[in-house]
**Student:** 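Please see the structure below; I have some questions.
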Amino acid sequence: MTEQAAIRKQPSFREPTGKYTGILSWITSTDHKKIGLLYLYSIATFFIVGVLLGLAMKLELIAPGETIMKAQTYNQVFTLHGVIMIFLFIIPGIPASIGNFTLPLLIGAKDVSFPKINLLSWYLYVLGGLLALSTLLFGHGPADTGWTFYAPYSIKTGTNVTVAVLAAFVLGFSSILTGVNFLTTIHRMRCPGMSWFKMPLFPWSLYATAWIQVLATPIVGITLLMIVVERTLGVGFFDPAIGGDPILYQHLFWIYSHPAVYVMVLPAMGVVSEIIPVFVRKYIYGYKAIVVSGLAIAFVGYFVWGHHMFTSGMSDTARVVFSFITFLVAVPSGVKIFNWVATMYKGSIDLKPPLVYALSFIFLFMIGGLTGLVVGALATDIHVHATSFVVAHFHFTMFGGTGFAFLGAVHYWFPKIYGKIYNFKTAIIGWAILFVGFNLLYIPMFIMGIEGMPRRYYDYLPQFTNLNRLSTVGSWILATGLFIIFYNLVKGVRKGQPATDNIWNGKTLEWQTESPPSQENFETIPTVTEAPYNY
Amino acid sequence: MEEEKRHIVGLDKNTLIWIDLLILTFVTISVAQFNFRSVTVIIALLIASTKSYLVITNFMHLKFESRMLKLMVGIAGVIFILILIALFLDYSAR
Amino acid sequence: MFSGASNYVRSTDLAFTIIFGISLFLLVLITSIMIYFLIRYNRKRNPVATQVKSSNALEITWTLVPIILVMIMFYYGWTGFEPMRNVPKDAMEIKAIGRMWTWSFAYNNGKVSDKLYVPFGKPVKINLMSEDVIHSLYIPAFRIKEDAVPGKNNYLWFIPEHPGTYDVMCAEYCGMRHSYMITQVNVMPEDSFNIWLNAGASASASPVEQGYQLIKDNGCIGCHSTDGTKLVGPSFRGSFGVKKTVISAGKEHEITVDKDYIYKSIVDPNADIVKGFNLGIMPSFKNKISDQDIDKISDYIKSLVRPQ
Amino acid sequence: MEIEPSNHVHLTEHRDDEGQRMGMWIFLFTEVILFGGLFLVYAVYRNMHPVDFHEGSIKLNVVIGAINTIILLTSSYFVAMAVSSMQKGKVKQARTLLLLTILCAIIFLVNKFFEWQTKFHHGLFPGMEEFYKLSHGESLFFILYFFMTGLHGVHVIVGAVFIGFILRYIKKGKVNPVRYTLLENSGLYWHLVDIIWIFLFPLFYLII
Ligand code: HEA
Ligand code: HEA
Ligand code: CUA
Ligand SMILES: [Cu+2]
């Protein structure tokens with residue numbers, strides 16, 4: 001650790017460069033670090049909108065019948081919630097914000113391969129986000145189709161599906177550009193000496209993710225375009241009245257959207273693989289196994305989409321085969337978990353906030369993933385498909401998994417980004433409340449699902465009242481925790497204690513430069529001689 | 001371009017490929033005049049694939065690119081074909 | 001929680017128990033190890049970490065063992081599912097029609113009902129149809145569910161093994177009143193079932209009463225209330241004889257709701273759209289409701305006077 | 001950037017031509033998959049309605065299709081030649097070849113325009129009266145035909161504009177015999193447009 005926080009050798013990247021100052025110097029900058037932060041702030045903004053919608057839904061469900069909104073409003077709320085959370089929060093989430101910031105640092109590069117395209121993708125992101133929100137303002141309001149936009153309902157309804165779908169299309173394009181950029185960067189910009197197997201695991205996970213973004217996203221892009229054409233020109237691709245097949249829409253949608261769930265979770269796994277060795281002070285156990293399992297998840301993940309359609313009337317063969325492949329995907333996820341836990345063995349564990357998040361990721365993701373097996377099995381999925389069991393499953397994976405890892409990533413790289421540090425104690429208190437609230441919110445949903453409460457239900461039968469009420473209370477606790485965490489982070493940015501350059505004693509390259517890094521990242525491009533995580 | 005020695009494809013080679021492509025176009029049109037049932041589709045697709053192969057390797061210079069890039073093109077192709085097969089798990093067994 | 005209401009309950013719950021059991025075991029095991037390490041190798045207790053080399057044998061073990069475990073899970077899921085797709089030859093067939101936002105069940109003898117009635121202990125095959133968007137017939141107590149897709153013939157089948165009444169729901173999101181697309185299945189002894197099945201619309205019922213039965217059975221009340229509240233469509237109460245503004249082919253004009261207009265609204269609903277309502281929501285019932293029956297519906301609507 | 005030139009690996013300033021090309025290739029993957037989605041739809045519907053697709057295909061004009069195929073193949077040839085010329089330093093020749101490519105693009109589009117127009121006259125455009133008299137499979141065929149060739153047409157336009165920009169860059173000297181990756185990338189894009197047509201042609205015009 002070098003004591004150099006006081007005198008900087010180079011100005012921080014946060015200083016304006018180019019001809020503009022203030023906010024303009026940010027939104028015209030092609031520096032990956034500034035773009036990463038632009039992403040982080042815009043993602044956080046949309047995320048808060050999504051959370052408020054989530055809380056509103058839970059409030060509505062506190063009792064049967066109408067509580068605070070009408071049925072139609074509820075349907076629009078969960079659609080907007082889903083669209084925001086999926087396309088604006090969790091898919092760009094870790095890669096575009098944290099990934100953008102740290103990827104070049106981690107591989108010892110000055111920037112990504114295509115800095116201008118990087119900035120373009122942020123603009124597309126904002127455009128897509130504004131389009132999605134604009135549906136609130138005109139016509140019959142936001143789409144009411146669910147984030148899946150299933151035909152033919154999405155073609156019949158009078159709400160602003162066209163615009164919502166176009167928003168998703170633009171966002172998909174933004175995601176593709178990020179993917180192209182990361183793939184090229186990882187291939188071409190690694191610093192001297194960093195062979196593939198000397199690359200840290202977070203870049204590896206971004207690499208696998210980028211492949212999914214590049215090869216799967218266009219499918220949903222074209223599918224959504226077909227919906228637009230079908231709605232605006234009255235041309236029926238999926239309209240049974242002219243012989244089209246609504247099930248084909250579902251196939252095309254899930255061909256993208258299942259791989260997309262691994263876009264959501266692989267970077268989170270990368271973050272966890274980064275955090276654990278630092279706080280355990282050990283070389284990560286099974287480095288190669290973790291790399292290979294990540295690639296395996298990405299690859300096999302392409303061929304399991306049918307498990308969302310077990311009750312759609314797909315052929316029986318397809319149901320069985322898709323169920324089979326679904327089970328195979330669980331194995332590499334397990335391999336990662338085993339290796340993380342094994343890393344802790346004989347380590348010297350320092351339970352700082354980032355590690356707390358990493359470990360709670362493991363716990364919550366296990367619950368999410370293992371319940372994924374219940375829905376992956378045919379007989380049980382026939383029963384719990386489209387019930388709140390599924391809702392609980394994906395909240396556990398997406399937000400118990402990716403969400404917690406995201407928070408972990410923010411807490412881990414915070415001192416690198418800002419050169420300051422937040423209060424540890426408040427961070428842990430916020431986490432604890434979040435954790436309790438989270439479980440209270442979603443575990444009742446598992447039970448209700450097994451008892452047969454369908455999802456996307458505005459109103460429910462009286463037997464589900466108690467569990468719904470419990471779940472609503474959980475949502476308030478969780479919101480409290482989230483508030484404390486945000487408050488602590490914002491306070492850290494404004495008046496946190498200065499942090500040294502390498503506050504966690506990390507071995508990866510980003511910790512070997514100043515905090516915050518300078519415009520050029522490194523004074524001289526580093527040369528790597530040993531594997532990462534050599535403690 | 002210090003570090004790269006780029007292969008230059010000559011006029012004759014390009015022309016040769018072009019003529020091949022025209023011939024294949026002619027072949028595919030003539031074959032389509034006969035009805036061999038589903039075989040026709042396969043022949044048409046085989047010819048189209050051959051044409052693409054010629055374009056990709058020669059006109060697009062994939063031949064002279066790194067092994068890594070060839071591998072990437074291969075992976076993208078394989079994933080698409082596997083998706084097509086998986087989709088037909090449903091449609092061919094309905 | 002799990003009553004044996006159908007022939008699938010046992011196998012489905014078995015699959016569930018096995019998957020859940022293995023999962024819970026792994027969850028508890030891994031979490032305990034994690035917590036143990038956390039305490040045992042805490043920095044205070046263990047200031048210096050010992051580096052451990054990765055072991056291929058271990059990697060292979062924890063790849064292979066999970067493969068075996070997931071194959072067990074897959075197997076039970078599969079065997080529980082298999083019978084769901086093999087309908088016995090002697091199954092009684094019922095047509096279930098889903099439309100926004102009601103179910104109707106049509107029996108072979110022409111009887112239509114908004115509730116499902118099935119004989120106890122007999123295999124029943126349900127052919128699923130949809131008139132507008134995708135719905136999904138879900139009977140939680142029977143552990144069965146299948147989508148009703150427009151333009152496609154899906155089916156499900158089951159043997160009810162316990163007399164009683166169970167909830168039937170729509171499990172595929174289908175628009176505004178999706179959560180109200182709920183009805184019941186009544187499992188009754190075979191002889192009472194036959195009596196129910198063969199009872200015609202009671203002759204004594206007046207046309208108005210029959211009209212009410214008709215709008216219930218055909219699912220009109222999913223969209224039209226009979227008490228004056230506006231749902232997706234205009235309420236039937238107080239609409240007869242009233243002047244309304246409608247839009248036909250883009251042009252507004254006035255009509256009076258009478259027998260002809262009601263007939264047209266049912267057979268060709270998109271021709272005149274009542275102002276303030278949306279085009280394309282109401283499906284056409286052409287050839288689905290006979291002309292006499294439409295007359296009865298008209299009579300019924302006429303009988304619904306505006307509340308004072 | 002003060003890195004010694006000896007340090008050859010990956011990091012020569014803004015110049016990583018191979019990286020630029022790799023980026024383009026990856027972008028092309030996404031284009032292929034974009035059309036790939038439509039090919040999946042095509043495959044499924046053709047599998048459902050083989051006879052109708054044949055009927056529909058008969059209504060298309062093979063001659064126009066064949067001419068367009070030849071035009072696109074030739075334009076691809078021109079672009080490939082343009083790259084070779086540039087590499088050899090024959091800037092002027094490269095420019096001529098690129099101009100010819102754009103010319104081919106225009107002829108292609110004009111052809112397409114007339115082809116679409118005749119379909120229009122026959123009322124075979126989705127939404128027109130005649131269209132509703134078609135069988136299910138045939139209407140799907142024509143919807144796909146218009147959508148796929150339409151999207152392809154958009155790509156032709158984009159490709160031509162891209163090449164137009166390259167012509168300007170050549171004039172300004174931004175693209176030159178030492179530095180021509182942009183030209184190569186525009187070529188890659190153009191070849192992709194060609195490849196997609198190579199598949200569209202038999203699938204729509206030549207079905208038995
Ligand atoms: C981050 C997102 C994410 C992730 C990672 C996953 C991961 C998995 N998901 Fe999930 N899923 C969603 C997000 C996600 N899912 C969403 C959003 C939906 C709903 C979409 C909608 O309809 O709106 C959904 C729906 C969904 C369905 C459809 C349900 C239905 O609608 O009926 C299915 C069915 O198979 C499924 C399965 C799985 C499986 C098997 C995994 C596996 O990858 C899980 C693997 C992990 C583990 C298994 C745990 C760890 C492993 C061990 C501890 C080792 C030991 C394990 C064994 C021996 C088995 N998911
Ligand atoms: C990432 C995805 C995500 C997240 C985080 C959430 C968060 C929440 N969701 Fe979400 N939800 C979805 C994705 C998500 N949801 C999707 C895809 C659907 C399906 C929609 C559909 O059916 O079409 C759905 C549906 C859905 C329903 C079911 C609707 C129905 O079927 O009737 C409900 C019901 O209560 C609900 C509630 C909530 C609540 C209360 C929250 C929140 O209030 C919880 C508060 C969140 C937190 C406390 C987050 C913790 C922290 C982080 C995630 C990291 C943040 C870090 C930084 C910004 C730096 N959601
Ligand atoms: Cu019908 Cu939901
Ligand atoms: Cu999935």
Side-chain angles (χ1 to χ4, degrees), chain A residues 71-72 75 146 150 152-153 156-158 240 246-247 280-283 285-287 289 311-313 316 320 323-324 327 330-331 334-335 337-338 341 344-351 359 362-363 366-367 370 373-374 377-380 382-383 385-386 451-452 454 456-461 535, chain C residues 1 11-12 15-16 19-20 23 26-27 30-31 33-34 37-38 41-43 46-52 54 59 62-63 66-67 70 73-74 77-78 80-81 84-85 133-134 136 138 140 143-147 149-152 154 167 169 171-180 278 280:
Chain A
Q72 179 69 4
N75 297 342
Y150 271 13
Y153 184 72
K156 296 200 170 196
T157 173
I247 306 294
V280 174
R281 312 233 50 83
K282 266 186 64 191
Y283 187 81
Y285 197 86
Y287 170 91
T311 68
S312 67
D316 300 345
V320 175
S323 169
F324 182 81
F327 278 101
V331 176
V335 169
I337 289 183
F338 298 133
V341 175
M344 294 168 72
Y345 174 64
K346 290 200 174 165
S348 170
I349 303 172
D350 189 11
L351 198 59
L359 297 184
I362 298 182
F363 177 72
M366 268 199 293
I367 299 185
L370 292 166
L373 301 172
V374 174
L378 284 164
T380 44
I382 299 285
H383 177 48
H385 166 72
E451 289 176 355
R456 296 172 174 172
Y457 260 32
Y458 161 72
D459 200 351
Y460 49 84
L461 295 170
Y535 290 98
Chain C
M1 182 166 53
S11 50
T12 301
F16 182 82
I19 299 174
F20 189 76
S23 297
L26 286 168
L27 179 70
I30 296 171
T31 311
I33 296 179
M34 221 158 71
F37 284 173
L38 208 52
Y41 300 113
N42 197 283
R43 175 107 4 128
N46 193 28
V48 181
T50 317
Q51 301 302 325
V52 184
S54 316
E59 299 291 345
W62 63 42
T63 309
I67 289 185
V70 293
M73 298 179 183
F74 165 72
W78 183 27
F81 165 77
M84 298 184 187
R85 308 308 297 166
V133 300
I134 305 180
S136 187
Y138 179 28
R143 311 284 186 273
I144 190 86
K145 176 187 294 129
E146 185 86 10
D147 292 3
V149 181
K152 188 166 185 309
N154 285 349
D167 294 319
M169 315 196 202
E172 181 59 59
Y173 175 71
C174 54
M176 183 161 119
R177 293 176 62 78
H178 163 59
S179 62
Y180 294 100
N278 283 338

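Every chain is numbered from 1, with letters handed out A, B, ... down the list of sequences. The model shown is predicted, which means the values in this text are computed figures rather than measured ones.
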**Student:** Contact part of C:Met84 toward chain A, heavy-atom cut-off under 4.5 Å: side chain, backbone, both or neither?
**Tutor:**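 Side chain of C:Met84 only, per the 4.5 Å heavy-atom cut-off to chain A.
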**Student:** Which atoms of A:Pro246 are under 4.5 Å from chain C, going by heavy atoms: the side chain, the backbone, both sets, or neither?
**Tutor:**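 Looking at A:Pro246, just its side chain touches chain C.
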**Student:** Compute the centroid of each ring, for A:Tyr150 and then for C:Tyr173, and state whether the two points are separated by less than 6.0 Å.
**Tutor:** no
**Student:** With distance as the sole test, does C:Lys152 use its side chain to make a donor-acceptor pair with the main-chain N or O of A:Gly313 at under 3.5 Å?
**Tutor:** yes
**Student:** Could you state the interatomic distance from SG (C:Cys174) to CZ (A:Arg456), rounded to the nearest 0.5 Å?
**Tutor:**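 C:Cys174 atom SG to A:Arg456 atom CZ measures 11.0 Å (nearest 0.5 Å).
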**Student:** What part of C:Glu59 is in contact with chain A, defined as an atom under 4.5 angstrom from a non-hydrogen atom: side chain, backbone, both or neither?
**Tutor:** side chain
**Student:** Report the option among A:Tyr287, A:Tyr458, A:Tyr285 that has the most heavy-atom pairs separated by less than 4.5 Å from atoms of chain C.
**Tutor:**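 Of A:Tyr287, A:Tyr458, A:Tyr285, A:Tyr285 has the most heavy-atom pairs under 4.5 Å with chain C.
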**Student:** So does A:Gly286 get a backbone contact from the side chain of C:Ser54, meaning a donor-acceptor N/O pair under 3.5 Å?
**Tutor:** yes
**Student:** Between A:Val280, A:Val320, A:Val374, which has the largest tally of heavy atom pairs under 4.5 Å with chain C?
**Tutor:**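 Maximum pair count with chain C is reached by A:Val320.
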**Student:** Heavy atoms, side chains only, cut-off 4.5 Å: are C:Gln51 and A:Lys346 in contact?
**Tutor:**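 When only atoms from C-beta onward are counted, A:Lys346 and C:Gln51 do not touch, as no gap falls below 4.5 Å.
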**Student:** Heavy-atom distances under 4.5 Å only: say whether A:Leu359 touches chain C with side chain, backbone, both or neither.
**Tutor:** both
**Student:** Rounded to the nearest 0.5 Å, what's the gap from OH on A:Tyr345 to OG1 on C:Thr50? Could you check?
**Tutor:**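 Answer rounded to 0.5 Å: 8.5 Å.
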**Student:** Looking at C:Thr31, C:Val149, C:Leu27, which has the largest count of heavy-atom pairs under 4.5 Å with chain A?
**Tutor:**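 Heavy-atom pairs under 4.5 Å are most numerous for C:Leu27.
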**Student:** Is chain A contacted by the side chain of C:Tyr138, its backbone, both, or neither, given a heavy-atom distance below 4.5 Å?
**Tutor:** side chain
**Student:** Check this for me: C:Phe20, atom CZ, are more than 12 non-hydrogen atoms of other residues, nucleotides or ligands nearer than 6.0 Å?
**Tutor:** no
**Student:** Will you find, in the side chains of A:Asp459 and C:Ser179, an N or O donor that is under 3.5 Å from an N or O acceptor?
**Tutor:**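 Absent: no donor and acceptor within the cut-off.
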**Student:** Using non-hydrogen atoms and a 4.5 Å limit, figure out which bit of C:Asp147 sits close to chain A: side chain, backbone, both or neither.
**Tutor:** both
**Student:** Any side-chain heavy atom of A:Ile382 within less than 4.5 Å of one from C:Thr12?
**Tutor:** no
**Student:** Please classify the contact of C:Pro47 with chain A as side chain, backbone, both or neither, using a heavy-atom distance under 4.5 Å.
**Tutor:**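 It is the backbone, since no side chain atom gets that close.
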**Student:** Quick one: does C:Asn42's side chain have a donor or acceptor within less than 3.5 Å of a partner on A:Ser348's backbone?
**Tutor:** no
**Student:** Side chain, backbone, both or neither: which part of A:Thr157 has a heavy atom under 4.5 Å from chain C?
**Tutor:** neither
**Student:** Count the heavy-atom pairs under 4.5 Å between each of A:Phe363, A:Tyr457, A:Tyr460 and chain C, then report the option with the highest count.
**Tutor:** A:Tyr457
**Student:** A:Gly158, A:Gly146, A:Ser312: which one forms the most heavy-atom pairs within less than 4.5 Å of chain C?
**Tutor:**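 Heavy-atom pair counts peak at A:Ser312.
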**Student:** Any donor and acceptor pair, going by atom type alone, linking the side chain of C:Arg143 with main-chain N or O of A:His383 inside 3.5 Å?
**Tutor:**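 No; judged by distance alone, with no hydrogens or angles, the pair does not exist.
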